Visitor: 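The structure that follows is given in the form of structure tokens.
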Amino acid sequence: MVTFNSFKDQTLFLTKKFLPWTLYILLPFALLRLFFSPLPFLPPPDSNLPHASLLTIPSLSPPPPPPPSSSSDFTAEEAGAKQASISPCDYFNGKWFRDRRGPLYNDTTCSTIKHGRNCIAHGRPDLSYLYWRWKPTQCNLPMFDPQAFLQLLINKHLAFVGDSMARNQLESLLCLLSSASTPNLVFQNGEDSKFRRWIFPSHNLTLSIYWSPFLVKGIEKSSEQNYNKLYLDIVDERWASELGQMDLVVLSIGHWFLLPAVYYEFDSVLGCHYCPGMNHTEIGFYEVLRKAFRTALNNIIERKSAKGEAIDVTVTTFSPSHFEGEWDKAGACPKTKPYRKGEKELEGMDSDMRKVEIEEVEAAKEKAKNYKYEGFRLEALDVTKLALMRPDGHPGPYMNPFPFANGGHNQERVQNDCVHWCLPGPIDTWNEIFLEMVKKWRI
Ligand SMILES: *[C@@H]1O[C@H](CO)[C@@H](O)[C@H](O)[C@H]1NC(C)=O
Ligand SMILES: *[C@@H]1O[C@H](CO)[C@@H](O)[C@H](O)[C@H]1NC(C)=O
Ligand SMILES: *[C@@H]1O[C@H](CO)[C@@H](O)[C@H](O)[C@H]1NC(C)=O
């Protein structure tokens with residue numbers, strides 16, 4: 001029980017409570033500039049910028065407190081246990097092991113690898129990160145079978161909705177499937193092609209990506225407005241208005257919630273995150289992420305059930321980043337091997353983001369039951385732990401071609417991507433597990 005003896009204690013408590021959030025904010029500042037901005041890359045900033053020198057703090061700081069309203073007695077372990085009793089295998093607990101079989105594709109066989117993920121073509125010298133496979137404790141995870149995937153989704157539309165992590169997973173799937181069948185790009189729109197659609201004519205499978213980093217209506221920060229605006233009770237119609245065409249949806253968001261933002265709900269300001277000088281209440285981002293998921297999942301359930309249409313929904317859980325040093329210095333994510341079992345625990349923000357997502361998946365399942373909506377299937381693609389163990393799978397400096405070509409490794413400043421995944425890379429495993437989920441649903 002927390003009691004306050006004085007105003008000072010209370011201030012101290014609040015500072016402690018919110019300190020981690022203010023620290024975590026420094027990371028995405030860098031990320032936003034690098035990865036979330038569609039603008040061409042700008043020269044590295046002055047190294048005296050506070051975020052550059054403080055980037056390492058999040059990993060050293062104590063984990064943040066649990067979200068304010070974590071009073072429910074639900075635990076992720078229970079969710080895991082529940083899942084294990086239904087499905088034959090828990091795919092999300094296991095370990096990475098060496099495997100000589102390499103990836104299914106490379107940049108010769110797959111032409112759609114996004115520039116910033118094309119690590120081999122960009123000269124990444126160590127390639128051992130390609131030779132690890134995920135082994136769930138209870139079973140074996142089969143290698144991705146593109147024919148099986150295409151066969152299961154004949155005449156279906158699979159949509160990825162979210163931020164650049166959603167796009168990273170979609171691009172992995174596109175390459176995996178391209179090894180068996182050639183897709184046609186049939187639609188693209190938006191800055192940086194944030195909305196795209198392909199058809200695999202061999203199976204009439206439609207694959208699409210919808211940019212929606214909050215799932216709810218939002219205005220992304222820009223040069224005029226230095227923070228995001230989120231409308232937590234209003235779904236983002238850029239994807240939701242097309243739900244009628246979708247048979248399967250993969251939702252993947254998270255990193256954008258770390259950025260400064262003002263939150264609106266029911267036409268008034270609910271609070272903000274990292275908005276000094278704005279006279280709004282700091283409320284952090286965990287409960288905001290929860291509300292965004294709830295709005296998105298509720299909208300899917302309500303709209304699809306009203307029309308009697310079936311839909312399969314997957315929530316890809318939070319994918320941790322692995323910055324160990326400054327984002328714009330060599331060696332920001334230098335590891336070349338996965339963590340061994342027990343070497344790295346899931347904790348802090350990574351754990352709390354995942355927890356919110358798992359809880360909202362469970363809540364939405366309950367809601368669908370109340371609606372007696374049987375065409376709705378929902379699972380978490382709970383990759384947080386798998387991803388956490390793979391500090392070696394990020395582009396790092398190889399987000400750009402041959403970053404050390406002029407001047408060698410002594411080069412002072414080089415930008416690093418320690419958030420997204422190289423293609424091919426560990427994220428291909430997310431889709432291997434996704435295929436097992438689709439098999440369970442559709443066979
Ligand atoms: C890419 O994959 C193809 C087919 O597996 C293979 O023949 C080729 O050698 C690979 N290219 C590179 C650069 O590894
Ligand atoms: C292809 O799939 C879409 C749904 O994604 C469906 O509407 C369309 O009728 C299908 N086309 C054919 C020729 O079966
Ligand atoms: C801050 O908000 C409070 C409550 O809405 C209001 O009373 C106060 O005048 C505001 N302060 C400033 C500086 O705007």
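Order of appearance sets the numbers: ligands from 1, and atoms from 1 within every ligand. Since the structure is predicted, the reported quantities are computational estimates derived from the model, not experimental observations.
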Visitor: Could you give me the CA-CA distance, side-chain angles and deciding distance for Trp430 and Ser319, then say whether side-chain hydrogen bond (donor to acceptor under 3.5 Å, both in side chains) is met?
Guide: CA-CA 11 Å; Trp430 300 195; Ser319 183; 4.8 Å; no

Visitor: State which residues pass side chain to side chain contact (heavy atoms under 4.5 Å, CB included) with Ala121; sequence neighbours excluded, sorted by chain then number.
Guide: Asp107, Asn118

Visitor: Go through Thr109 and Ser179 one step at a time and tell me if the side-chain hydrogen bond (donor to acceptor under 3.5 Å, both in side chains) criterion holds.
Guide: CA-CA 7 Å; Thr109 64; Ser179 67; over 6 Å; no

Visitor: Check Glu436 with Lys439, please: is the shortest side-chain N to carboxylate O separation under 4.0 Å?
Guide: yes

Visitor: Is there at least one pair of N or O atoms, one from Asp247 and one from ligand 2, spaced under 3.5 Å apart?
Guide: no

Visitor: Decide, yes or no, whether a salt bridge links Glu237 with Arg303 under the criterion of side-chain N to carboxylate O below 4.0 Å.
Guide: yes

Visitor: In terms of atom number and element, which parts of ligand 2 are under 4.0 angstrom from non-hydrogen atoms of Lys156?
Guide: 5 (O)

Visitor: Inspect the contact between Glu359 and Arg294 and indicate whether a charged nitrogen and a carboxylate oxygen are less than 4.0 angstrom apart.
Guide: no

Visitor: Can you produce the list of protein nitrogen or oxygen atoms under 3.5 Å from a nitrogen or oxygen of ligand 1, alongside each distance?
Guide:
| residue | atom | partner | partner atom | Å |
| --- | --- | --- | --- | --- |
| ligand 1 | 2 (O) | Asn106 | ND2 | 2.4 |
| ligand 1 | 11 (N) | Asn106 | ND2 | 2.9 |
| ligand 1 | 14 (O) | Asn106 | ND2 | 3.3 |

Visitor: Do Ser193 and Gln188 get their side chains close enough for a donor-acceptor pair, meaning under 3.5 Å?
Guide: yes

Visitor: Just heavy atoms, cut-off under 4.0 Å: does Gln245 contact ligand 2 by side chain, backbone, both, or neither?
Guide: neither

